[in-house]
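Whatever order the structure lists them in is the order used to number ligands and atoms, beginning at 1.
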Amino acid sequence: MARSPSDGPRPDVLVVGGGIIGLGVAWRAAQRGLAVTVLDPAPGGGAARVAAGMLAPVTELQYGEEPLLRLGMASNERYAAFAAELTDATGLDTGYRRTGTLAVALDSDDREELRELHAFHGRLGLTSHWLTGRECRRLEPMLAPGVRGGLHVTDDHQVDGRRLATALVEACRRAGAVLHRERAAELLVDDGRATGVRLDGGEVLTAGQVVLAAGSYSHLLNGLPPGVLPAIRPVKGQVLRLHVPSAYRPFLARNVRAVVRGQHIYLVPRADGELVVGATTEEQGHDTTVTAGGVYELLRDAHELVPGITELPLVETGAGLRPGSPDNAPLLGPTALPGLVAATGHYRNGVLLTPVTADLVAAYLATGSVPELAEPFSPSRFHLKALA
Ligand code: GLY
């Protein structure tokens with residue numbers, strides 16, 4: 001049974017938010033000998049339960065985001081060991097699969113875009129291979145005959161966000177972290193330092209350091225002084241889950257992405273037959289409604305890419321909120337408010353960046369030094385109006 005905060009001494013670390021980022025930090029911090037409490041009404045929930053779980057720092061590379069690429073590559077390199085350690089610690093599978101990713105072009109504009117990405121990969125020394133349409137279909141026979149070519153990225157893999165979240169909850173428990181199923185209502189600040197939180201029920205919980213890992217709700221915590229965190233905007237992604245009956249497998253053998261008339265779409269096939277299709281990108285606040293239009297667009301584009309998809313049972317629709325910082329890169333490490341540490345703003349890369357975020361933020365919590373890899377992601381980089 002989970003312990004309650006009142007059962008033990010004041011924790012060293014209080015993590016606000018029990019999604020995969022908060023849980024990863026809590027697990028690593030507990031492994032370093034810190035006393036950790038995680039606050040969340042439903043630990044293991046959040047955007048990871050909707051995410052497809054693509055680990056694609058190379059395929060999803062954006063111009064001007066080289067520091068983020070370095071962080072993503074570092075996390076991707078840690079993933080196999082991170083997943084294996086989680087399984088050893090809990091007996092639970094995370095669904096980590098080394099499938100690689102195929103990004104394909106459906107028309108000549110798409111092909112031009114992918115050719116440029118391939119050239120960019122070459123300039124940065126990244127591994128990706130250009131394939132003709134025929135070669136793409138040889139790898140993935142279910143692709144539409146019209147596919148014009150594509151990029152095969154053999155090191156961009158996948159994990160199952162739901163299994164990962166479940167394993168992290170269990171790993172935290174086994175490492176001695178307390179999971180407290182309540183919501184933080186207010187940050188407590190005393191003499192210019194974050195000292196803890198007041199819970200929804202009125203109980204006060206103090207800690208040596210507070211980690212804010214509440215995704216797109218992070219900056220909305222009452223009591224947060226102005227100028228400490230920028231707004232973390234919620235960017236909605238609608239996602240479909242289909243099921244590939246065993247007689248049709250392998251329907252797809254690897255992650256498949258494409259740009260279809262300017263809309264990015266991806267299909268992520270899991271070993272158990274689940275096929276995740278995502279995702280829309282919508283900025284309209286904290287709204288997770290699944291719309292007919294969203295489902296229609298995803299199915300229309302997925303059908304153009306892989307026509308056989310319309311034969312598969314559609315088993316689930318959902319929407320999650322990506323936490324987007326002003327520059328779409330995460331906030332990692334100490335904030336301008338002493339005692340308050342950020343682990344938020346991971347936007348499209350929360351699942352990918354979980355291992356490296358957990359390692360870097362836990363290292364800071366244990367040592368007081370910001371690891372070099374985390375330096376470009378300082379929460380202070382936004383030059384917000386100074387603390388009042
Ligand atoms: N990384 C995939 C997405 O944000 O949709």
Parallel, tilted or perpendicular: rings of Tyr96 and His157 (30°, 60°): perpendicular
For residues 133-141, run the donor-acceptor check on the side chains, cut-off 3.5 Å, and write out each pair with its distance to 0.1 Å, sequence neighbours left out.
from   : atom 1 : to     : atom 2 : distance (Å)
Glu135 : OE1    : Thr132 : N      : 2.8
Glu135 : OE1    : Thr132 : OG1    : 3.3
Arg137 : NH1    : Pro145 : O      : 2.9
Arg137 : NH1    : Val147 : O      : 3.2
Glu140 : OE1    : Ala253 : N      : 3.1
Glu140 : OE2    : Ala253 : N      : 3.1
Glu140 : OE2    : Arg254 : N      : 3.1
Glu140 : OE2    : Arg254 : NH1    : 2.7

Contacts table for residues 226-237: side-chain donor-acceptor under 3.5 angstrom, sequence neighbours left out:
from   : atom 1 : to     : atom 2 : distance (Å)
Arg233 : NE     : Glu283 : OE1    : 3.1
Arg233 : NE     : Glu283 : OE2    : 3.1
Arg233 : NH1    : Gly324 : O      : 3.4
Arg233 : NH1    : Ser325 : O      : 2.9
Arg233 : NH1    : Asn328 : OD1    : 3.1
Arg233 : NH2    : Asn328 : OD1    : 3.0
Lys236 : NZ     : Asp287 : OD2    : 3.0
Lys236 : NZ     : Thr289 : O      : 2.6

Lys/Arg N to Asp/Glu carboxylate O, Glu316 vs Arg162, below 4.0 Å: yes
Pairs under 3.5 Å, nitrogen or oxygen of ligand 1 with protein nitrogen or oxygen:
from     : atom 1 : to     : atom 2 : distance (Å)
ligand 1 : 1 (N)  : Arg348 : O      : 2.8
ligand 1 : 4 (O)  : Arg322 : NE     : 2.7
ligand 1 : 4 (O)  : Arg348 : NH1    : 3.2
ligand 1 : 5 (O)  : Tyr266 : OH     : 2.5
ligand 1 : 5 (O)  : Arg322 : NE     : 3.4
ligand 1 : 5 (O)  : Arg322 : NH2    : 2.8
ligand 1 : 5 (O)  : Arg348 : NH1    : 3.2

Non-neighbouring partners of Thr335 that pass side chain to side chain donor-acceptor pair (under 3.5 Å), sequence neighbours left out: none
Donor-acceptor pair between Glu297 and Gln238 side chains, under 3.5 angstrom: no
